[in-house]
Visitor: 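Dropping the structure in here first, questions after.
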Amino acid sequence: MSTEDRPPAPRSLAEALRARGDASLGALLRSRPDLITPVPTDLTQLATRAGTRASVVRALERLDRFALQTAEALAVAADPAAYGELLGLMAGDDADPAVVAALPHALDGLREQALVWGDDDRLRLVRTARELLAPSPQHPSPTGLGPTVQEATAGMSPGRIQEIVTAAGLASTHDSVSAVTALAGLFTDRARMAELLADAPADSLDVLERLVWGPPYGQVTADPAPRLRWLLDRGLLLPTAPGTVVLPREVALHLRRGLAHRTPEPVPPVVETAAVHRPQVVDSAAAGQAYTALATVEELLKDWDEGGPAVLRAGGLSVRDLKRTAVALDVPEPVAAFWVELAYAAGLIASDGEADERYAATPAYDEWLELPAAERWSLLVTAWLAATRTAGLVGGRDAKDRTLSALGPGLDRSAAPEVRHRVLALLAGLPEGAAPAAGSVLARLRWERPLRGERREDDLRGRLAEWALSEAEQLGVTGRGALSAQGRALLGAPAAPAPGPEAEPSGPGDKLPVHHHHRTTPLAPLSPAEQAVASAAAARLLAPLLPEPLDHVLLQADLTAVAPGPLRRPLADMLGVLADVESKGGATVYRFTPGSVRRALDAGQAASDLHAFLTAHSRTPVPQPLAYLIDDVARRHGHLRVGVASAYVRCDDDAVLSEILADKRAAGLGLRRLAPTVLAAQADPAGLLEGLRAMGFAPAAESAEGDVLITRALAHRTPPRTAPEPVPDGPPVPDDTLLSAALRAIRAGDLASTTPRKPGSAPAANGELPRTGAAETLATMQAAVLTGEALWIGYVNAEGAASQRVVAPIRVEGGFVTAYDHTADEVRTYPLHRITGVAELADDAG
């Protein structure tokens with residue numbers, strides 16, 4: 001293309017955006033959704049918003065390491081900078097081929113996100129980004145570079161500048177500006193600088209070596225040592241404040257052979273493979289973990305069935321309650337916190353809202369229990385993927401040095417879902433059955449989202465990634481560290497790449513000295529509808545791998561029953577009432593005790609019901625000791641009756657009541673005989689029941705009418721509750737419909753604000769709305785109806801929002817104008833009193 005045919009270079013970011021197509025603007029709005037919240041009126045407002053500090057900081061935080069290094073290099077380059085200068089800063093004098101190949105793509109990415117604009121011969125970093133990334137004494141640059149010679153000599157006396165120029169071997173000049181220019185020219189000339197440094201003392205060169213990669217500042221005394229004096233005399237070190245010197249940027253770049261960064265990182269670190277297992281082994285191990293996850297959540301909720309721990313005044317579980325829950329689940333406290341938070345995120349537990357507020361299962365838990373096992377797992381992992389509550393923070397301290405408690409406030413981290421998804425996506429890029437080295441996953445994530453400045457000490461994303469790897473294993477999304485088939489389906493990922501010839505199955509802990517190159521295109525997070533489809537597909541893959549629920553147990557003579565696998569829901573529920581769990585694992589052992597049998601009788605079962613139940617569900621005959629135990633407890637059950645007086649005990653056998661009164665253990669119950677068959681007690685009914693049971697009796701509670709009260713399990717539920725909403729990480733990415741509408745509105749608003757107006761037609765300046773009187777507005781509108789011309793108007797809607805529009809009036813009547821609105825691309829009607837003014841368009845405004 002000839003120079004004459006080349007379009008003019010943009011003079012501002014707004015002009016650069018105006019030259020973009022809809023696809024390019026759409027990519028910008030997708031990558032920076034905060035720019036259309038709300039939708040800008042035109043491209044000038046979009047450019048202004050793209051340069052605000054909050055938006056630029058957010059955009060910089062989402063750059064990968066090489067793109068950020070490119071932006072940092074532009075911040076220390078001239079403004080504007082030519083592409084060749086940027087390439088020299090990134091690739092150095094040796095022109096690193098990897099950097100040379102990667103730089104155009106990184107620069108295109110910065111342009112797409114509106115952080116850089118301009119042609120290759122005039123590259124400009126957005127002003128706010130330059131202010132954030134350029135070096136200053138208060139905010140050192142990540143490049144380690146200091147100020148330029150011109151910046152460092154800004155307050156220096158002209159005489160001192162001339163002394164430095166002369167000592168450096170340059171001719172003196174008539175003014176400071178030319179002297180500084182000459183000194184900077186010397187420092188940027190590789191050959192002349194080499195000659196100058198060839199005469200430097202060795203200890204002076206050592207000083208430069210200590211400062212070259214930053215920080216570039218050093219301390220000197222009032223009488224500098226000879227090695228420092230040699231450098232100060234020639235301007236290789238320049239004073240910035242009393243006792244402080246700085247290495248000028250041009251000198252540092254010469255010593256670095258042109259590099260802005262010590263180690264440019266154009267290529268992301270490869271996720272290394274630590275071990276490879278057969279896919280069937282991975283899927284089976286993951287399915288085993290999934291089954292354990294379901295059992296753990298059920299056990300947690302069963303423990304809280306009749307009302308769980310109290311809610312702290314500030315919200316959440318107390319440390320004591322978390323410890324008790326960990327003991328009940330037989331897991332460490334951090335793991336117990338994870339299961340509690342997962343059940344909460346899935347909407348299975350919540351606070352009951354009572355005056356004495358406690359945590360309990362929700363009605364959704366009962367619905368969840370009725371689902372097939374694979375679907376229950378799918379619901380849990382889908383909630384985990386989207387949750388922003390982060391169980392790993394439990395036990396830490398918040399900004400006010402308060403302890404963070406499970407289910408309490410302060411646990412939301414909006415980056416958590418994105419980090420979980422990215423970790424699993426990296427695993428999905430490995431060959432099937434390959435388990436990654438955790439360190440390489442963290443290194444890759446740090447390259448994709450590098451930490452800047454002081455935040456390097458608080459690597460939240462790194463901790464989130466470690467927790468994601470651990471939690472994925474506990475949930476059965478991964479097995480032996482590798483992504484399972486159901487985990488891959490959960491992401492909506494395609495089939496895994498085939499392993500290379502070196503990826504032979506290895507045992508646990510085996511290390512492979514190979515790096516598997518995986519896909520570089522990241523898997524995009526799924527929409528809610530897409531995630532529902534993916535979760536259903538994952539459940540279908542998991543279902544055949546889970547053990548089939550059994551309808552029988554094995555009764556043994558030692559009053560135990562062995563369940564060789566998971567039991568069907570009715571059997572498990574009934575057995576959980578009739579017996580106590582003694583041990584868990586691949587097989588569950590239940591023990592029958594007088595207390596457990598009495599519990600079943602209290603729940604409304606008769607002895608005959610229990611015998612029939614055991615006979616129907618045992619593969620072995622019912623042992624005689626168990627039958628005797630049931631009959632013996634049933635014979636004594638309800639013989640004593642406890643009701644409300646304050647409390648009373650009644651029994652048809654007065655000898656039994658005499659025995660109770662004579663027992664020293666009854667002293668604390670405050671019993672006295674009211675009649676031969678009735679005792680009154682000072683204790684409440686519940687305390688009286690427990691006291692008599694501790695003495696070996698089997699009393700039954702009765703109502704005011706004298707009927708035996710039946711206590712049933714699953715008694716306490718919260719009112720209907722919704723699962724906690726994740727805290728979004730900024731505005732959501734716009735969908736295609738919103739994006740299309742936003743682009744139309746921005747383009748139309750830009751057309752209205754940039755369309756040329758006729759001279760003398762009251763054009764507005766600096767984007768202000770046109771202003772004309774009501775009579776002039778009406779006359780211009782009526783004339784445009786006859787001529788069919790388009791007009792530029794200012795309009796204020798009912799909410800007071802002002803906008804500029806290009807309209808073609810069709811008719812004017814009754815105080816309204818009906819016109820084809822080029823801004824909205826449709827016919828609209830506007831009240832004339834809301835039109836601030838009107839201007840005719842120039843004849844060549846097409």
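All figures in this text were calculated on a predicted structure; none of them were measured in a lab.
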Visitor: Measure from the side-chain N and O atoms of Arg65 to the backbone N and O of Arg446, and report whether any donor-acceptor pair falls under 3.5 Å.
Guide: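 Here the side-chain-to-backbone pair exists.
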Visitor: Looking at CD of Glu72 and CG of Leu132, how far apart are the two atoms once the value is rounded to the nearest 0.5 Å?
Guide: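 Spacing of CD (Glu72) from CG (Leu132) equals 11.0 Å.
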Visitor: So Arg53 and Glu131, salt bridge (Lys or Arg N to Asp or Glu O under 4.0 Å) or not? Walk me through it.
Guide: CA-CA 10 Å; Arg53 182 180 179 88; Glu131 292 171 356; 5.5 Å; no
Visitor: Can you confirm whether the side chains of Ser470 and Gln474 place a donor and an acceptor under 3.5 Å from each other?
Guide: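 Side chains of Ser470 and Gln474: pair found under 3.5 Å.
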Visitor: So, do Leu445 and Leu464 sit near enough that their side-chain heavy atoms are less than 4.5 Å apart?
Guide: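 Leu445 does not reach Leu464 side chain to side chain.
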Visitor: Is there a donor-acceptor contact under 3.5 Å from the side chain of Arg20 to the main chain of Glu112?
Guide: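 Pair found, side chain donor or acceptor close to backbone of Glu112.
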Visitor: Would you check if the side chain of Glu432 reaches a backbone N or O of Leu483 as a donor-acceptor pair within less than 3.5 Å?
Guide: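 No; judged by distance alone, with no hydrogens or angles, the pair does not exist.
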Visitor: Examine distances only and state if a side-chain atom of Arg62 and a backbone atom of Ser31 form a donor-acceptor pair shorter than 3.5 Å.
Guide: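 No, because the side chain of Arg62 does not come within donor-acceptor range (under 3.5 Å) of the backbone of Ser31.
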Visitor: Between the side chain of Ser405 and the main-chain N/O of Ser318, is any donor-acceptor distance below 3.5 Å?
Guide: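 No: the side chain of Ser405 does not pair with the backbone of Ser318.
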Visitor: Working to the nearest 0.5 Å, report the span between CG of Leu469 and CZ of Arg420.
Guide: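 Reported to 0.5 Å precision, the distance equals 12.0 Å.
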Visitor: Rounded to the nearest 0.5 Å, how far apart are CG of Leu13 and OG1 of Thr44?
Guide: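 One finds 9.5 Å between CG of Leu13 and OG1 of Thr44.
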Visitor: Do the side chains of Glu418 and Pro525 get nearer than 4.5 Å, heavy atoms only?
Guide: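 SC-SC contact between Pro525 and Glu418 ruled out.
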Visitor: At their closest point, which heavy atom of Gly21 faces which heavy atom of Arg747, and how far apart are they?
Guide: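 Scanning both residues completely, I find the closest heavy atoms to be C-NH2, 3.4 Å.
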Visitor: To check you understand the geometry: which heavy-atom pair defines the closest contact between Val331 and Ala336, and what is its length?
Guide: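 Answer, listing the atom of Val331 first, then Ala336: CG2-N, 3.7 Å.
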Visitor: Which is it for Ser535 and Gln531 under the side-chain hydrogen bond (donor to acceptor under 3.5 Å, both in side chains) test, yes or no, and what are the steps along the way?
Guide: CA-CA 6 Å; Ser535 299; Gln531 187 60 67; 3.3 Å; yes
Visitor: Are the side chain of Arg30 and the backbone N or O of Val733 linked by a donor-acceptor pair below 3.5 Å?
Guide: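 No; zero donor-acceptor contacts below 3.5 Å.
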Visitor: Only one of Asp34, Ile36, Leu29 forms a side-chain contact (heavy atoms from CB on, under 4.5 Å) with Arg32, so which one is it?
Guide: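 Considering Asp34, Ile36, Leu29, a side-chain contact (heavy atoms from CB on, under 4.5 Å) with Arg32 is found only for Asp34.
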Visitor: What closest approach, in Å, do Ala287 and Leu545 show between heavy atoms, and which atom pair accounts for it?
Guide: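 The answer is CB-CB, 3.6 Å.
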Visitor: For side-chain contact (heavy atoms from CB on, under 4.5 Å), just list the numbers for Leu369 and Leu301, CA-CA rounded to whole Å, side-chain angles, deciding distance to a tenth of an Å, and then say yes or no.
Guide: CA-CA 11 Å; Leu369 281 178; Leu301 272 296; over 6 Å; no
Visitor: Could you pull out the closest heavy-atom pair between Gly315 and Pro409, with the gap in Å?
Guide: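 That closest heavy-atom pairing would be O-CD, 4.0 Å.
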Visitor: Rounded to the nearest 0.5 Å, how far does CG of Leu35 lie from CD of Gln113?
Guide: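 Interatomic distance, Gln113 CD to Leu35 CG, rounded to 0.5 Å: 9.5 Å.
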Visitor: Could you tell me whether Asp330 atom CG has more than 12 heavy atoms of other residues or ligands within 6.0 Å of it?
Guide: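 Check fails, neighbour count at 12 or below.
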Visitor: Carefully, step by step, assess Glu357 and Asp352 under the rule side-chain contact (heavy atoms from CB on, under 4.5 Å).
Guide: CA-CA 6 Å; Glu357 196 172 17; Asp352 58 13; 3.8 Å; yes
Visitor: Kindly say whether Ser351 contributes a backbone atom to a donor-acceptor pair with the side chain of Arg721 at under 3.5 angstrom?
Guide: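 Looks like yes, one N/O pair under 3.5 Å.
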Visitor: Quick one: does Arg389's side chain have a donor or acceptor within less than 3.5 Å of a partner on Ala345's backbone?
Guide: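 Not a single qualifying donor-acceptor pair exists.
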Visitor: To the closest 0.5 Å, what do you measure between CZ (Arg444) and CD (Glu272)?
Guide: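 The distance works out to 12.0 Å.
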Visitor: Consider only side-chain N and O atoms of Arg397 and Thr403, and report whether a donor and an acceptor are under 3.5 Å apart.
Guide: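 Yes.
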Visitor: Quick one: does any side-chain atom of Glu530 pair with a main-chain N or O of Ser527 as donor and acceptor, under 3.5 Å?
Guide: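 Pair found, side chain donor or acceptor close to backbone of Ser527.
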Visitor: With heavy-atom distances below 4.5 Å as the criterion, would you say the side chains of Val477 and Trp384 are in contact?
Guide: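 Sidechains of Trp384 and Val477: in contact.
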Visitor: Using atom types as modelled and distance alone, determine if a side-chain donor or acceptor of Thr388 lies under 3.5 Å from a backbone N or O of Ala386.
Guide: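 Not at all, since once roles are kept as given, no pair shorter than 3.5 Å links the two residues.
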Visitor: Supply the atom-to-atom distance Trp339 CH2 to Leu348 CG, rounded to the nearest 0.5 angstrom.
Guide: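 The distance works out to 12.0 Å.
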